[in-house]
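Here's the structure, in structure tokens; my notes come after.
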2 protein chains.
Amino acid sequence: MRKKITSIGFQKNLSKETSGSLADQVRDHLRKRILNHEWQAGAKIPGEFELAAQYKVARVTIRTALRSLETQGLIDIRHGSGAYIADFGDSVRAGLQELRSITQTIREMGHKAEMITRSSEVRKATEKEALDLQITQESGVLHIERAITADGEVVAFSYDTFNVEELTPAVIRRISTGSAFAALDSIRKHPVRARAEIHAISSKEIGWGRGRPPSGLYLLLRQVHYLRNGSPIVTGDTYFVEGKFQFIIHRTI
Amino acid sequence: MRKKITSIGFQKNLSKETSGSLADQVRDHLRKRILNHEWQAGAKIPGEFELAAQYKVARVTIRTALRSLETQGLIDIRHGSGAYIADFGDSVRAGLQELRSITQTIREMGHKAEMITRSSEVRKATEKEALDLQITQESGVLHIERAITADGEVVAFSYDTFNVEELTPAVIRRISTGSAFAALDSIRKHPVRARAEIHAISSKEIGWGRGRPPSGLYLLLRQVHYLRNGSPIVTGDTYFVEGKFQFIIHRTI
DNA sequence: TCCTCAATAGTTGTACTACAACTTAGGAGA
DNA sequence: TCTCCTAAGTTGTAGTACAACTATTGAGGA
């Protein structure tokens, strides 16, 4: 029997998180190379045939990965010419449409990220939470309130609510103390998609402690995260202190 | 000589704007079918072989289109099973990462959209404008200030600046009186990508007239639009009155 | 010398075929 | 009735061939 395709053996080494299809893995690896400034803005990346040789995969697989990167606005494919790095400076690191943890984004920008948990409790769902998580109000949820800091300065206050049905006791403890994304990843419940609303808010009621800005001005990200099978896993509001965190969106046709 | 592939003859009819590759056209057409609720949320769309037969294109082309829609968060492809409509309700209509004119979005949501021009002038570029548009400060720019209304109510104030080098006198007139996107489209200078920063702003200095909100609270979209060849064509700040316009972002891995 | 334009090599786009990997439903067997 | 296996159906990857487009080169003429 022929060797399984899914057990990858890239010439270019892959990180630990080798999940998803081959094309997804190639896409993730190429994205890292791009964000790592292997090529500078406007530069032409290797052709599809050469990339296929580098990764030891078919050209179809490379093309799938490249089209995905183009949709995300990272590269620019020109018929008959090649694929070029989109000129967006370093902003892609903070791209809002890429689903990643805030702390990880802060770290990748070269700062020290911390999460300070203010409260953590398991209780029954509120009406809005039940609606967002597609559960009944009788169901239990894990509600956590945290402040996110970069280099000791508060950049956001977050109010998150998890569906406990999807969690294990060990994961609940881990979420309360560290990154939620990492904890969910350990039980293969990593969200793959989120729907987010954005609002401008001015309020003195948000947040706590000395990290609260005098202006009371926040950018509110109200979002629901979904698993691959389409079921919601966590919902929450994150209040970003205006000016502390730059939000970038790449808009494409 | 064989018939040109680019002269399409879909079984499924295409709109007038038949631009881009075959896969792009199929993607746009499929997106319209999705937003038109041809399939309900969670439903399975036809398989790749059947879609290829419907559109009379190769399966490769269908796959390219479907992957693009998946990256945009409109569908959900599952290996060995099929592609399913992502359950995001009607929110996709106002998706922020889709590059389209505000007025068109308002109209598609079933409201009456208008643009009221307050001022329009050709002058030299400011420092920031020259930087954004990658031109010198000696170059001329078209600066326009407008209010955007939905059903007669102001939803946003916009301050836009165009690179006049890329425009014709006729287009300048057309931009001043109507939709910029439509005018740019007429000379094949339709932007295909934009980089946008989002900010929360509270100010009494923004906007004019009775449409100015008492709270002075805005969601600021500060963006630069790029052509296919990578050169910037227009930059501008749009101040959305908080609460009048719902911003949705689909976040994916 | 400079410009124009045709030839050409290189790259992406599409078509077609074949098979691997996965999902789902249905039937055989206990 | 339940479990497990089989089979059919679907997406994922491989490979080849050619069409369509881009960019470069260089020959020819003004």
Side-chain angles (χ1 to χ4, degrees), chain A residues 1-10 18-30 39 42-71 75-85 188 228-230, chain B residues 1-10 18-30 39 42-71 75-85 188 192 227-230:
Chain A
M1 180 177 159
R2 207 163 123 183
K3 198 178 82 173
K4 269 191 160 192
I5 294 180
T6 44
S7 49
I8 31 69
F10 283 174
T18 59
S19 59
S21 64
L22 243 186
D24 284 349
Q25 298 173 41
V26 171
R27 176 202 59 193
D28 290 343
H29 194 262
L30 278 172
W39 306 282
K44 184 173 174 299
I45 70 178
E48 297 177 352
F49 286 103
E50 185 179 334
L51 286 176
Q54 278 187 16
Y55 285 98
K56 295 192 204 292
V57 298
R59 193 177 149 227
V60 163
T61 307
I62 296 293
R63 282 182 60 73
T64 302
L66 291 181
R67 286 287 299 203
S68 185
L69 291 171
E70 188 191 33
T71 304
I75 62 173
D76 204 8
I77 305 177
R78 298 178 201 162
H79 186 185
S81 176
Y84 300 81
I85 304 292
R188 314 288 267 161
R228 179 163 295 282
N229 65 9
Chain B
M1 180 177 157
R2 206 164 124 182
K3 198 178 81 173
K4 272 191 159 189
I5 292 181
T6 42
S7 49
I8 30 70
F10 283 174
T18 60
S19 60
S21 65
L22 243 186
D24 284 349
Q25 298 174 41
V26 171
R27 176 204 60 194
D28 291 343
H29 194 262
L30 277 172
W39 305 282
K44 183 172 175 297
I45 71 177
E48 297 178 351
F49 286 102
E50 184 179 334
L51 285 175
Q54 278 187 16
Y55 286 97
K56 294 190 202 298
V57 298
R59 194 179 145 222
V60 167
T61 307
I62 295 293
R63 282 182 60 73
T64 302
L66 291 181
R67 286 288 297 203
S68 185
L69 292 171
E70 187 190 32
T71 304
I75 62 174
D76 204 9
I77 305 178
R78 299 180 200 158
H79 187 187
S81 176
Y84 299 81
I85 304 293
R188 312 288 267 162
V192 296
L227 299 178
R228 179 161 295 281
N229 64 9

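So that the names make sense, note that chain A is the first sequence line, chain B the second, and so on, each numbered from 1. Computation of the quantities below employed the complete heavy-atom set of this structure, encompassing side-chain atoms and omitting hydrogens, waters and symmetry-equivalent molecules. Please read these numbers as outputs of a predicted model, since none were measured by experiment.
For B/Ala58, the side-chain atoms get nearest to C/dA15 when compared with the rest of D/dT13, C/dA15, C/dG13. Side chain of B/Ser81, nearest nucleotide from C/dT24, D/dC21, D/dG12: C/dT24. Minimum atom distance to the side chain of B/Phe49 is reached by D/dT11, of the listed C/dA15, D/dT22, D/dT11. Of the candidates D/dT13, D/dA17, D/dT10, D/dT10 carries the atom nearest the B/Lys44 side chain, counting heavy atoms from C-beta on.
Within residues 60-69 of chain B, the residues having any heavy atom under 4.0 Å from DNA chain D are, by residue number, B/Arg63.
No side-chain heavy atom of B/Leu51 sits under 4.5 Å from any side-chain heavy atom of B/Glu48.
Nucleic acid contact class of A/Arg78 (heavy atoms, under 4.0 Å, all strands): sugar-phosphate only.
Fit an axis to the five pairs at each end of the helix from C/dT1-D/dA30 to C/dA30-D/dT1 and the two axes sit 0° apart, to the nearest 10 degrees.
Atoms CG (B/Leu51) and P (D/dT10) sit 11 Å apart, rounded to a whole Å. The CD atom of B/Glu48 sits 15 Å away from the C1' atom of C/dA20 (whole-angstrom rounding). Rounded to a whole Å, the NE2 atom of B/His79 is 5 Å from the C1' atom of D/dG12. Between A/Gln25 atom CD and C/dA21 atom P the separation is 14 Å, expressed in whole Å. Atom CD1 of B/Ile77 and atom P of C/dC22 are 17 Å apart (whole Å). B/Glu50 places its CD atom 8 Å from the P atom of D/dT10, with the value rounded to the nearest Å. One atom, CZ of A/Arg59, and another, P of C/dT12, lie 7 Å apart when rounded to the nearest Å. As a whole-Å value, the separation of B/Asp76 CG from C/dT23 P is 13 Å.
Rounding to the nearest 0.5 Å places CG of B/Asp24 at 4.5 Å from CZ of A/Arg67. Taking CG from B/Leu22 and NZ from B/Lys56, the interatomic distance works out to 13.5 Å, rounded to the nearest 0.5 Å. Atom CD1 in B/Ile62 sits 13.0 Å away from atom CZ in B/Arg27 (nearest 0.5 Å). Between the CG atom in A/Leu30 and the CD atom in A/Gln25 there is a gap of 12.0 Å [rounded to 0.5 Å].
Formation of a donor-acceptor pair under 3.5 Å by the B/Ser68 side chain with backbone atoms of B/Thr64 is not found in this model.
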Using residues 76-85 of chain A as the side-chain source, report each donor-acceptor pair under 3.5 Å to any protein atom, sequence neighbours left out, with the distance given to one decimal.
unit_1: A/Asp76; atom_1: OD2; unit_2: B/Arg193; atom_2: NH1; d: 3.4
unit_1: A/Ser81; atom_1: OG; unit_2: A/Tyr84; atom_2: OH; d: 2.5

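Scanning all heavy atoms of the two residues, the minimum distance from A/Tyr55 to A/His29 falls at OH-ND1, 2.7 Å. For the residue pair B/Ala23 and B/Ala65, the shortest heavy atom distance occurs at O-CB, 3.7 Å.
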